[in-house]
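Remember, it's 1-based here, ligands and their atoms both numbered in the order they're listed.
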Amino acid sequence: MLLSDDISAIKGVGEKKANILKSAGILTVGSLLEYFPRDYNDRSNVKCINQLVENEENTFVAYVDSAPENTHIGKLIITKARLKDDTGGINVVWYNQAYIKKALKKDEKYIFTGVYHKKNYRKEVVVSEFEKIDLNEPINAGRIVPVYPLTTGLTQKVLRNIIKTTIVDIRTQIIDFMPVDIRKEYNLCDRNFAISNIHFPEDDDSFFIARRRLVFEELFVLQMALFVLKGSTGVKSGPIFSVEGAEDICQNAMGFNFTNAQKRVINDIKNDFLSGIEMNRLIQGDVGSGKTAVAITVAFMAVKSGYQAALMAPTEVLANQHYETFKNFFDIFDIEVCILNGSIRKKEKDLIKADILSGKAKIVIGTHAIIQKDVEFNNLGLVITDEQHRFGVKQRNILSKKGKNTHVIVMTATPIPRTLALILYGDLSISVINELPPGRQKIETYAVNSSYHSRAYSFVRKNVEQGGQAYIVCPMVEESDVVEAKAVQTLIKEVSENDFKGLKIAVLHGKMKPTDKESVMRDFANGKTQILISTTVIEVGVNVPNATIMLIENAERFGLSQLHQLRGRVGRGDRQSYCILISDAKNDIAKERMNVMKKTNDGFEISETDLKLRGPGEFFGTKQHGVPQFKIANLYKDADILSQAQKAAVKLNKDNNWRKRKNYELLAQKVDKLFFDGERIEL
Ligand code: ADP
Ligand code: MG
């Protein structure tokens, strides 16, 4: 039998069982061995009959004293037997398992597990498992027993049996793909031991040693595979920028002082600019923490050093807004800023592209239009992507390849839990802006049901009449632009005739022409409109400091991180801001989300909870990021192992030729298989 053999190669696995196993995703002998227990029962403490503990699960060895008998009470079948050992006797019972009568033989010795009940004069054990004592080591009792995830047609006993058989059979064939030097350095047991002991631990210690090894291997291989996928090997040289004095010039021009957190991040970047090594840095900052100001400052450094800088944003609305902000700033210094997006006409686009190629345009802002093939730069030295989680890793790479050696910054306002960030951005240095500009007030958040609608609307009205502005966000009802537009249209008709009569209202949705979107946004930013009814087009990045209310309809349809993003559109000035979540959902997860939103404004705390509520597979787009479901690793429990596995991966990845090292072939195969075997996952 080989690890790669079909599951039906295993003794005792016929066609029927093979099909059941296959439906559980267990196709080969190897994948059976990686079908890990979800839990364990410690049945290693074997007692005598006179030591049984009441109301607890006990494991004991005994002879069958009187053979089992079945009695029927209505539909219930009760099987009773009497057992004995040197210390005494005990009654045992099974419910609705008539076959036990034949399975248990008088005078033979078995190991039993069950809960011992003592009621009045009746004492008995309700048996959950038993197994004949013979020359083989027991697998269902008398030891730490694995508990597997089951599917219909599978029982614990069957799984334990075939897994045990397989382990015994194949033991010598498990060749460890982890190179010995890595195993030594990180103190990892060999794979054979790990596989045996994850299924049938000899004792507690062996289990922990085995589990640590398997978690390490899972995270390590994932990390290496991500490195390969991102094409990030080795250390590359990067352009050196002159950074002296830039920070002060920028602060003066912007009219505020940087927060300490902003200063710290700018400092991290300055050090990278001076290092002569290509920078790859993630800037994480909560919504409104002032990432754009940092981007402007470091772009200024690039341009002052004779290089071009590019900034890519996920939506046109956001790209336009960045263009305005950058242009206002760089005009002061006569530095040319241009914008490229999908809706600019060809003729104009050609002119802009010519400016980018000639180097006349120093700063290029845009949507993914700037990563098209025909966009060529003169001397690109710095690439920034905003709201990184909206882009794939590939797009980031394409943009940076437009320069010879480019420094890369990715910014995200959706804080990612530390462990997940390590996995997704393991090849990046991370800087965090963990402080908001002074004067910001906590956004007061309310979660109400739709019976509060008119009250909420009159609250909006009052606030707007006092000079504030408001967003009303409707979820996309279906994956259809038409429906989406309609939902918003219906709402606007209703409210403009009733609750918001006489107020200036505008609509924004995905189906509008880009130029229309732009003018709607401009009017809102300039205060010409008071209420903006929108779909989630405005979710990321939009900055209108005078807006003070964010009202979200059907809030249950949004994930936590998304709600936090939306809320981050207000509270950007010094006026008190409010977020009103309207939802009639009664399920626990929706309720929990609303509670978290009410409780905290801290994006990092929110993302941790989001991860917990949704699990890593679904955490905003991690599926699209290609993070697979883990077989054994757990992002909460295994943060320490993760950081070690990551350290090992980073170190190995520094060697461009690691695949050619002696004894590394198997590891290389394993790494390549993860993403490139069969269906390739797009990052
Ligand atoms: P985000 O991190 O969400 O991208 P922005 O960069 O859009 O945040 O900044 C939000 C607002 O805070 C902007 O109006 C910006 O001008 C302002 N801002 C940024 N940094 C500071 C600062 N240090 N002091 C005062 N206001 C600041
Ligand atoms: Mg931003």
Side-chain angles (χ1 to χ4, degrees), residues 246-269 281-300 311-315 317-330 332 363 365 384-391 409-416 430-443 468-469 471 521 524-527 536 538-548 550 561-575 577 579 601-604 606-607:
E247 212 174 319
D248 283 336
I249 298 174
C250 292
Q251 287 193 93
N252 283 335
M254 288 182 209
F256 50 70
N257 288 326
F258 291 137
T259 61
N260 286 328
Q262 283 170 318
K263 281 186 194 151
R264 215 183 40 239
V265 173
I266 291 171
N267 222 24
D268 288 345
I269 298 171
R281 186 170 288 280
L282 170 71
I283 301 180
Q284 272 200 65
D286 209 343
V287 282
S289 61
K291 290 181 292 295
T292 313
V294 171
I296 288 177
T297 306
V298 299
F300 183 79
L311 171 69
M312 182 162 69
T315 64
V317 168
L318 191 53
N320 289 335
Q321 176 189 290
H322 278 319
Y323 175 64
E324 300 282 330
T325 316
F326 273 67
K327 200 164 162 17
N328 280 340
F329 177 89
F330 284 100
I332 306 172
I363 308 243
I365 313 264
I384 304 171
T385 28
D386 194 16
E387 308 302 348
Q388 161 65 20
H389 61 286
R390 288 296 192 93
F391 291 106
I409 292 176
V410 300
M411 307 199 292
T412 178
T414 307
I416 299 163
I430 299 182
S431 298
V432 179
I433 311 185
N434 53 0
E435 184 186 352
L436 296 180
R440 298 278 173 81
Q441 297 179 36
K442 186 172 182 289
I443 302 163
Q469 284 168 284
Y471 297 96
M521 267 328 289
F524 190 67
N526 296 335
T536 52
I538 55 131
E539 179 196 337
V540 289
V542 170
N543 184 39
V544 179
N546 191 49
T548 48
M550 168 59 67
S561 297
Q562 218 181 353
L563 288 174
H564 180 64
Q565 266 287 340
L566 285 168
R567 178 169 62 182
R569 298 313 108 217
V570 298
R572 302 191 142 240
D574 27 12
R575 297 165 70 139
S577 292
C579 174
N601 269 266
D602 178 343
F604 287 89
I606 285 175
S607 74

Ligand 1 contacted by Q284 (non-hydrogen, < 4.0 Å):
no

Show your reasoning for whether side chain to side chain contact (heavy atoms under 4.5 Å, CB included) applies to T548 and V570.
CA-CA 5 Å; T548 48; V570 298; 5.6 Å; no

All pairs passing side-chain hydrogen bond (donor to acceptor under 3.5 Å, both in side chains) where residues 434-443 contributes a residue, at least two apart:
R264-N434

Give the atoms of ligand 1, by number and element, whose distance to some non-hydrogen atom of F258 is under 4.0 Å.
23 (N)

Which of parallel (below 30°), tilted (30 to 60°) and perpendicular (above 60°) describes H322 and F326?
perpendicular

Below 3.5 Å, N or O to N or O, backbone or side chain included: is there any such pair between P437 and ligand 1?
no

Residue portion contacting ligand 1 (non-hydrogen atoms closer than 4.0 Å) for N543:
side chain

Take R567 and I606 through the side chain to side chain contact (heavy atoms under 4.5 Å, CB included) test and state the conclusion after the steps.
CA-CA 12 Å; R567 178 169 62 182; I606 285 175; 3.4 Å; yes

Contacts of F329 meeting ring-ring contact (aromatic ring centres under 6.0 Å, His included) (sequence neighbours excluded), chain-then-number -> F333

Is it the case that ligand 1 has an N or O less than 3.5 angstrom from some N or O of G290?
yes

Hey, which atoms in ligand 1 end up nearer than 4.0 Å to a heavy atom of T259?
23 (N)

With heavy atoms and a 4.0 Å threshold, my read on which part of Q262 contacts ligand 1 is side chain

Check if G285 has a non-hydrogen atom at a distance under 4.0 Å from any atom of ligand 1.
no

Rounded distance [0.5 Å steps], CE in M521 versus CG in N526
10.0 Å

Kindly identify the option in K291, Q251, R572 whose heavy atom sits closest to atom 7 (O) of ligand 1.
R572

K327 NZ: over 12 foreign heavy atoms closer than 6.0 Å:
no

Quick note on ligand 1: atoms under 4.0 Å from a heavy atom of N257 include exactly 22 (C), 23 (N), 24 (N)

